[in-house]
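Counting begins at 1 with the first residue of the sequence. Counting starts at 1 for both ligands and their atoms, in listed order.
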Amino acid sequence: MSILQSRPLKHIPVEISVPGDKSISHRSVMFAGLCEGVTHIDNFLPSDDCLASLKAMIALGADVEILESAADGKGLKLCVTGHGMKLREPATPIDCGNSGTTMRLLSGILAAQPFECQLFGDDSLSKRPMKRVADPLTLMGAHIEGHGDKICAPLIIRGGELQPITYPLPVASAQVKSAVLLAGLQARGKTTVIEPAFTRDHTERLLAHFGIKTMRDALSVTIYGGQKPQARDLTVPGDISSAAFWMVAAAAVPGAQITIRNVGLNPTRTGVINVLLRMGAQIQDFVQEHEGEPAGNIVIKGGDLNATVIGGMEIPNVIDELPILAVAAALARGQTIIRDARELRVKETDRIAAVAHNLRLMGVPVDEFEDGMEITGGGPLKAAEMDSYGDHRIAMAFAIAGMFANGVTVINNTDCIATSYPGFERDLALFLNESNTPDVPVDVISRMPRKVAERLHPTQ
Ligand code: S3P
């Protein structure tokens, strides 16, 4: 079991790039596998989660070839040959690993296939609720069995002919919306999903890329069954959820500046920029790619961060960034309140409990609510030893917190980082490594907590 050590920040690199977007990588290989023909995918995220989707599509009959692996290990060039929407019955159960996206989106695809298939995952995934996809897919005519009230994995899915439905989502979840749309694509007629709040729209955008039309009307999305996806090459932009770690690191150092290159800037994912702007960072995004998934560079200038309130319709847009935003809150003056985020309790771990526990270990006062927390920031952070709870975003968020603490912060159980960010430790070293030229300006150093300032600039 790996351990990650974080130490006081020594250096802000001028620029950095992050690996491919996890949500888009999953969908790219799944949808390419449903096409008849060849799709080249560039910058596919080679993380454990996305590789689970890739292997699943191979098990279901797609041919996937890895043409190239980027020298920094952050992206793969794939050639996916799909054989149409009639998939092959897999010889063995499909392992979804730690990936909720793999299990939920595949459920939507498998709901219409004329065979029985088993989906299983690791301990964390086996505790997560699959009822949210089983309910609508069962209404459409699929047979789905799982464990207990929450219909947990392993799932047995017996697909067949599907009826279209109009389905109001009980929770704002892009994964559930996607599962219903993918089943709707294979049903006869018109399927509509009504969201309680806007969730990420990668499924709609990527389906459009492959020639499948969906119609949006305010909070509802409609798809007509019977359309056939057409193979077409694509490039996956960098993941803004991975960029968020470096955004917070730079945002919390007044005067610091970093450019993050080639990041996805889909407006259903950029809530983290809005929150950090409210907190006092200066951020500019430069959209360079407009077609399909918007992408470009983000420039962040640090400032004295202030507390904010995060809640309501904004939550789905920042759902994966809330652990690192909680760390930003610990570095900001005042009381930050996060509400309406009870979904965090059913992620890879209970992220409200994990964040609250680890922040308290670092000396930060936190009040926990069922749907969020109140964090009193601005005090010194104590270096501590803590657990990731097997959750990649908890591990990385507290590696960033450790940059602002007064010693060595030890995070146990960090193999999980491979779930979304291969190469994170190497990138972290760019910020921690004393051999890098410190290009953080001196006036910045004078405004940092004393211990950090001393390490950056011993004569200070
Ligand atoms: C994802 C949607 C979100 C997010 C997850 C990836 C996706 O989950 O937390 O990391 O790719 O659709 P929910 O849609 O269940 O909130």
Atom pairs and distances, donor-acceptor, side-chain atoms in residues 172-187, under 3.5 Å, two or more places apart:
from	atom 1	to	atom 2	distance (Å)
Ser173	OG	Gln175	N	3.3
Ser173	OG	Val176	N	3.1
Gln175	OE1	Arg104	NH1	2.5
Gln175	NE2	Thr101	OG1	2.9
Lys177	NZ	Thr199	O	3.4
Lys177	NZ	Thr199	OG1	3.0
Lys177	NZ	Arg200	O	2.9
Lys177	NZ	Glu204	OE2	2.8
Ser178	OG	Arg27	NH2	3.3
Ser178	OG	Ala174	O	2.6
Ser178	OG	Thr203	OG1	2.7
Gln186	OE1	Gln113	NE2	3.0
Gln186	NE2	Gly108	O	3.4
Gln186	NE2	Ile109	O	3.2
Gln186	NE2	Leu182	O	3.0

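- Applying the side chain to side chain donor-acceptor pair (under 3.5 Å) rule to Glu293 yields the partners His202, Asn266; only residues at least two apart in sequence or on another chain are considered.
- Using a 3.5 Å distance cut-off with no hydrogens or angles, the side chains of Thr336 and Thr308 do not pair a donor with an acceptor.
- Sorted by chain then number, the residues whose non-hydrogen atoms approach ligand 1 to under 4.0 Å are Lys22, Ser23, Arg27, Thr101, Ser173, Ala174, Gln175, Arg200, Ile319, Asp320, Lys347.
- Here the CE-CZ distance, from Met85 to Phe31, works out to 11.0 Å after rounding to the nearest 0.5 Å.
- The aromatic rings of Phe424 and Phe245 lie perpendicular to each other, with more than 60° between the two planes, well past the 30° mark.
- Under the ring-ring contact (aromatic ring centres under 6.0 Å, His included) criterion, Tyr389 pairs with no residue, sequence neighbours left out.
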